[in-house]
Structure formats: structure tokens, C-alpha cells
Amino acid sequence: MRVVILGSGRGSNAEAILQAQQEGRLGRARVVHLFADKPEARLLELGPRFGVPAAFVDPAPFKTKLEGAGEERFIAAVRACEPDLVVLAGFMRVLKPGFLTAFAGKIINLHPSLLPAFPGLDGIGQAFRAGVKETGCTVHYVTLEVDAGEIIAQASVPLEPGDTLESLAQKVHAAEHELLPRVIAELSVPRG
Ligand code: GAR
């Protein structure tokens with residue numbers, strides 16, 4: 001299963017996926033390319049470290065969505081990789097019908113809350129401020145409606161007395177780093 005990862009920043013989840021691949025924990029999945037929509041994204045540094053091609057693709061003209069010329073550039077770049085799965089690992093742009101149709105049913109996203117709770121930006125901060133007893137992370141298929149596609153798997157994280165936003169964020173990220181590679185591995189193995 002050929003996997004393409006899209007991200008915008010730190011790339012800790014892309015790193016967890018590549019680490020899992022290196023350790024033989026990614027099933028039949030293989031990461032074939034990393035793409036970022038920001039030239040300074042640390043995600044791109046993972047390419048040389050793990051021996052996987054990594055590139056910036058210009059997402060202009062829009063700031064928060066992928067549409068128009070930027071969408072066309074992303075479609076062409078990703079299509080050239082012939083992916084079976086496109087993983088959004090911290091890709092902070094809303095996808096539009098052009099990209100969604102080009103890779104229909106093959107795009108999954110990681111979100112830092114137990115969807116349908118706290119969609120949109122800052123899922124961890126939203127949950128912390130709401131004072132919930134537990135939050136977590138979700139991997140789901142991507143559809144036109146943001147953070148609303150079919151849920152594939154979730155991991156929960158309890159909020160404990162004394163938790164700060166920082167300690168909670170750390171726990172959610174740790175859960176993400178375990179969940180996302182596991183889901184990719186599971187998707188790569190045909191069910192009998
Ligand atoms: C992750 O926490 C991911 O859940 C979140 O961005 C972070 C990326 O971290 N994604 C979203 O909020 C999507 N709406 P990373 O760059 O270190 O993998």
C-alpha cells in the first residue's frame with residue numbers, strides 16, 4: 001500500500017509513521033512521499049532522515065483552503081506517486097472537491113479530539129477549556145464537511161486533576177503517535 005503523507009508543520013506524526021515503518025510495524029504500507037504546504041515545515045526534514053522523498057508544494061492562492069492553482073499542483077504531485085492512501089498528518093488546510101474527487105475514499109485525517117466533539121482548529125485547547133473528563137484523538141476518512149467523515153479509530157486520553165494544557169497536549173500527541181501508525185498498518189492488511 002503506497003502511502004503519501006501531507007503535513008504543514010512539526011511532523012511528529014509523520015515521524016511516528018516513518019519510525020513504525022523502520023521498525024516493521026506498518027504492515028504492508030510503505031511511505032512513498034512527504035509533501036508540505038509550507039517551505040519551512042519541519043516535516044520536510046524527515047525526508048533525508050528516513051530516505052523518503054519530501055517536497056514543498058506551493059498551495060497559493062488561498063491561506064486556509066486548497067483550491068484553484070494550489071489544489072491543481074497538489075493533485076499533480078500526489079497523483080504522480082500513485083498512492084493507495086493519502087494521510088493528512090497535521091495538514092492545516094481544508095480540502096475541496098477537486099482533491100477529494102481525485103483521491104476519493106483514499107484520504108484519512110488525524111484530529112486531536114474525540115470527534116464529533118471539538119472539530120476544527122485547536123481540538124486540544126477546546127477540550128481543555130470545556131473541562132471534559134476525557135478527550136483523545138480520531139482517525140477518520142475525509143469528506144467535504146470538515147472533520148465529519150466516517151471514523152476509523154479513536155484513542156481516549158483522560159483529563160486528570162493537575163493537567164495543564166501542555167500536559168494534556170503531550171498526552172494527546174503520544175496517543176496520536178500510537179494510533180495513526182496502527183491504523184495505517186491495519187488498513188494495509190486486507191481483511192480475510
Ligand atoms: C496533530 O495534533 C494533529 O492531530 C493536528 O495537528 C497536529 C500535527 O502535529 N491536526 C489537526 O488539528 C487537523 N485539524 P504534527 O505536525 O507534529 O504531526
Side-chain angles (χ1 to χ4, degrees), residues 3-22 26 29 31 33-47 49-50 52 54-57 59 62-67 74 85-96 99-100 103 107-130 132 134-157 159 163-184:
V3 177
V4 167
I5 301 176
L6 269 51
S8 301
R10 207 163 51 127
S12 70
N13 284 284
E15 182 173 0
I17 295 166
L18 290 163
Q19 196 69 46
Q21 172 169 301
Q22 210 165 63
L26 211 57
V31 179
H33 217 300
L34 309 170
F35 291 107
D37 62 343
K38 294 189 179 149
E40 73 279 11
R42 281 191 29 217
L43 171 101
L44 294 172
E45 297 168 13
L46 297 169
R49 260 182 64 198
F50 286 90
V52 173
F56 161 70
V57 176
F62 299 103
K63 280 204 157 53
T64 59
K65 63 180 177 180
L66 195 60
E67 204 168 22
F74 263 88
L85 188 71
V86 178
V87 177
L88 308 184
F91 190 64
M92 303 308 277
R93 269 174 195 273
V94 176
L95 297 181
K96 294 293 173 184
F99 193 92
L100 291 174
F103 307 105
I107 312 172
I108 65 172
N109 179 47
L110 172 68
H111 184 79
S113 76
L114 292 175
L115 290 173
F118 311 119
L121 290 177
D122 192 17
I124 301 173
Q126 289 187 60
F128 184 73
R129 286 187 293 276
V132 293
E134 69 167 7
T135 182
C137 50
T138 301
V139 179
H140 64 94
Y141 285 105
V142 178
T143 54
L144 250 190
E145 195 184 340
V146 173
D147 298 333
E150 182 196 338
I151 291 172
I152 304 168
Q154 296 183 305
S156 62
V157 170
L159 257 106
D163 259 334
T164 60
L165 179 57
E166 290 68 34
S167 68
L168 179 63
Q170 266 183 21
K171 289 195 278 188
V172 172
H173 292 316
E176 291 184 323
H177 297 162
E178 194 274 324
L179 181 70
L180 186 54
R182 182 160 56 77
V183 167
I184 294 171

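Throughout, numbering of the chain's residues begins at 1 and tracks the sequence. Keep in mind that what you see is a predicted model, and the values were worked out from it rather than measured. The basis for the numbers below is simple: all heavy atoms, side chains too, and nothing from hydrogens, waters or symmetry mates. All ligand and atom numbering here is 1-based and tracks the order in the structure.
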**Student:** Taking S113 as the fixed residue, which of D147, T135, V132 is the one that meets the side-chain contact (heavy atoms from CB on, under 4.5 Å) rule?
**Tutor:**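 Considering D147, T135, V132, a side-chain contact (heavy atoms from CB on, under 4.5 Å) with S113 is found only for T135.
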
**Student:** Measuring from each atom of ligand 1, which residues have a heavy atom under 4.0 Å away?
**Tutor:**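 Close residues (ligand 1, cut-off 4.0 Å): R10, G11, S12, N13, G90, M92, L110, H111, P112, H173, E176.
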
**Student:** Walk me through whether L6 and F99 qualify under side-chain contact (heavy atoms from CB on, under 4.5 Å).
**Tutor:** CA-CA 12 Å; L6 269 51; F99 193 92; 3.9 Å; yes

**Student:** Given 3.5 Å as the limit, does a donor-acceptor pair link the side chain of R93 with the main chain of F62, or not?
**Tutor:**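 Here the side-chain-to-backbone pair exists.
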
**Student:** Apply the side-chain contact (heavy atoms from CB on, under 4.5 Å) test between V31 and each candidate in L46, I5, V87, L85; give the one that qualifies.
**Tutor:**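 It is I5; the other options fail the test.
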
**Student:** Do S156 and L114 make a side-chain contact, defined as non-hydrogen atoms from C-beta onward lying under 4.5 Å apart?
**Tutor:**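 The answer is yes; the side chains approach within 4.5 Å.
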
**Student:** Between H173 and Q170, do the side chains contain a donor N or O and an acceptor N or O under 3.5 Å apart?
**Tutor:**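 No, no side-chain donor-acceptor pair sits under 3.5 Å.
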
